[in-house]
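All heavy atoms count here, side chains included; hydrogens, waters and symmetry mates do not.
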Amino acid sequence: MESSIDLNLAQRLKAARAGRGWKLEQFAETSGVSRAMISKIERGEVSPTATILGRLAVGLGVTLASLFSDRAEGASPLARRAEQPIWNDPATDYQRRAVSPPGAQNAAEIVDVNLPPGARVMFDNALGWQGIVQQVWLLSGVLEMTVGAETTELCPGDCLFMKLDQPLVFHNRGKAAARYAVILSRVSL
């Protein structure tokens, strides 16, 4: 693992697991990710793919975006672009930038995503993120979104709302990168 964001991610995952009093076995059971893989990720030996990271977030009951942000008490309400953490999926080169400021505790979370041409990222959401919904707003390119069994083609300016309780597939069928914003929020269901 090379980047500081990968090392911070490893530390956050380990701290979140330890904060729940979980051993690796329990985290593996709740996330559906093998104990060996979790151990490698927490030691900083490998960077998880977006799919694995999604499973770990679901297992912890947190959003994927929250794994990349520092939400400390008294944190700044401003997130300068240069300070926004950027993470790349080692499997697809999918890139996500955590836009929301650290001081936006418990508010909507905003993520800026670039999905390379031909790339496909799946989040199985098998365990579900209870009470969390998201909107995907396509800024440029084309994006095929599959939510459960329904597939929708998005064009620039289109926005799709969904609950995070079923499998999601983001697929860029275009010849240019697809850039989109993901806005996550908690709701009472």
> Are side-chain N/O atoms of D6 and S47 paired as donor and acceptor at under 3.5 Å?
Replying inline: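 On atom types as modelled, these side chains qualify, holding a pair under 3.5 Å.
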>> Any donor-acceptor pair under 3.5 Å linking the side-chain atoms of R43 with those of S39?
In response: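 Present: a donor and an acceptor within the cut-off.
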Which pairs would a plain distance check flag for residues 167-181, meaning a side-chain donor or acceptor within less than 3.5 Å of a matching protein atom at least two apart in sequence or in another chain?
{"unit_1": "N172", "atom_1": "OD1", "unit_2": "G174", "atom_2": "N", "d": "2.8"}
{"unit_1": "N172", "atom_1": "ND2", "unit_2": "L115", "atom_2": "O", "d": "2.8"}
{"unit_1": "N172", "atom_1": "ND2", "unit_2": "P116", "atom_2": "O", "d": "3.3"}
{"unit_1": "N172", "atom_1": "ND2", "unit_2": "A176", "atom_2": "O", "d": "2.9"}
{"unit_1": "R179", "atom_1": "NE", "unit_2": "D112", "atom_2": "OD1", "d": "3.0"}
{"unit_1": "R179", "atom_1": "NE", "unit_2": "D112", "atom_2": "OD2", "d": "3.3"}
{"unit_1": "R179", "atom_1": "NH2", "unit_2": "D112", "atom_2": "OD2", "d": "3.0"}

> Should Q11 and N8 be marked as a side-chain contact (heavy atoms from CB on, under 4.5 Å) after you check the CA-CA gap, both sets of side-chain angles, and the distance that decides it?
Replying inline: CA-CA 5 Å; Q11 291 168 354; N8 286 339; 3.7 Å; yes
Nearest 0.5 Å please: distance from the [atom1] atom of [X] over to the [atom2] atom of [Y].
X	Y	atom1	atom2	answer
C155	L138	SG	CG	7.5 Å
Q135	S185	CD	OG	6.5 Å
L56	L67	CG	CG	8.0 Å
N114	S140	CG	OG	7.0 Å
M37	E45	CE	CD	10.5 Å

Side chain to side chain donor-acceptor pair (under 3.5 Å) partners of [X], counting only residues at least two apart:
X	value
Q134	none
R120	none
T151	T146
T152	none

What pair of heavy atoms forms the shortest contact from [X] to [Y], and how long is it?
X	Y	answer
P102	A79	CD-CB, 4.5 Å
P85	I5	CB-CD1, 3.3 Å
I38	S31	CD1-OG, 3.9 Å
E42	K14	OE2-CA, 3.5 Å
L64	G54	CD1-N, 3.9 Å
P77	P101	O-CG, 3.2 Å

Taking ring pair (Phe, Tyr, Trp, His ring centres under 6.0 Å) as the cut-off, I'd like each qualifying pair that reaches into [range], sequence neighbours left out, listed once.
range	value
residues 24-58	W22-F27
residues 36-66	none
residues 76-111	F68-W87

> According to a 4.5 Å side-chain heavy-atom criterion applied to Ile, Leu, Val, Met, Phe, Trp and Tyr, with indirect links allowed, do L154 and V142 form part of one hydrophobic cluster?
Replying inline: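 No: no chain of side-chain contacts under 4.5 Å links L154 to V142.
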> Is it true that L78 and V99 fall in one hydrophobic cluster, defined by side-chain heavy atoms closer than 4.5 Å?
Replying inline: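 Result: no, two separate clusters.
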> Quick one: does T51's side chain have a donor or acceptor within less than 3.5 Å of a partner on M122's backbone?
Replying inline: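 Answer holds: yes.
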> Taking it one step at a time, do V113 and R97 satisfy side-chain contact (heavy atoms from CB on, under 4.5 Å)?
Replying inline: CA-CA 6 Å; V113 179; R97 181 169 51 93; over 6 Å; no
>> Which residue in the set V182, L164, I132 passes side chain to side chain contact (heavy atoms under 4.5 Å, CB included) when paired with T63?
In response: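 For T63, the side chain to side chain contact (heavy atoms under 4.5 Å, CB included) check succeeds only for I132.
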>> With side chain to side chain contact (heavy atoms under 4.5 Å, CB included) as the test, pick out the partner of L53 among D89, L13, I41.
In response: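 The passing option is L13.
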> Between R20 and L60, is a side-chain contact (heavy atoms from CB on, under 4.5 Å) present by the stated rule, with each step listed?
Replying inline: CA-CA 9 Å; R20 287 163 176 75; L60 290 168; 3.9 Å; yes
> With sequence neighbours left out, what residues match W137 under ring pair (Phe, Tyr, Trp, His ring centres under 6.0 Å)?
Replying inline: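 None.
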>> Working note: D124 + R55, criterion side-chain contact (heavy atoms from CB on, under 4.5 Å); need CA distance, chi angles, decisive distance, verdict.
In response: CA-CA 7 Å; D124 63 21; R55 288 181 187 158; 3.0 Å; yes
> Can you list the other members of the hydrophobic cluster that holds I86, where links are side-chain heavy atoms under 4.5 angstrom apart?
Replying inline: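 Hydrophobic cluster check, I86: no partners found.
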> Got a sec, which residues hit salt bridge (Lys or Arg N to Asp or Glu O under 4.0 Å) with E150, two or more places apart in sequence or on another chain?
Replying inline: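 Residues passing salt bridge (Lys or Arg N to Asp or Glu O under 4.0 Å) with E150: none at all.
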> Between V147 and L160, is any pair of side-chain heavy atoms under 4.5 Å apart?
Replying inline: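 When only atoms from C-beta onward are counted, L160 and V147 do touch, with a gap below 4.5 Å.
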>> Within the 4.5 Å heavy-atom criterion, are M145 and M162 side-chain neighbours or not?
In response: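 A side-chain contact exists here, since the closest heavy-atom pair is under 4.5 Å.
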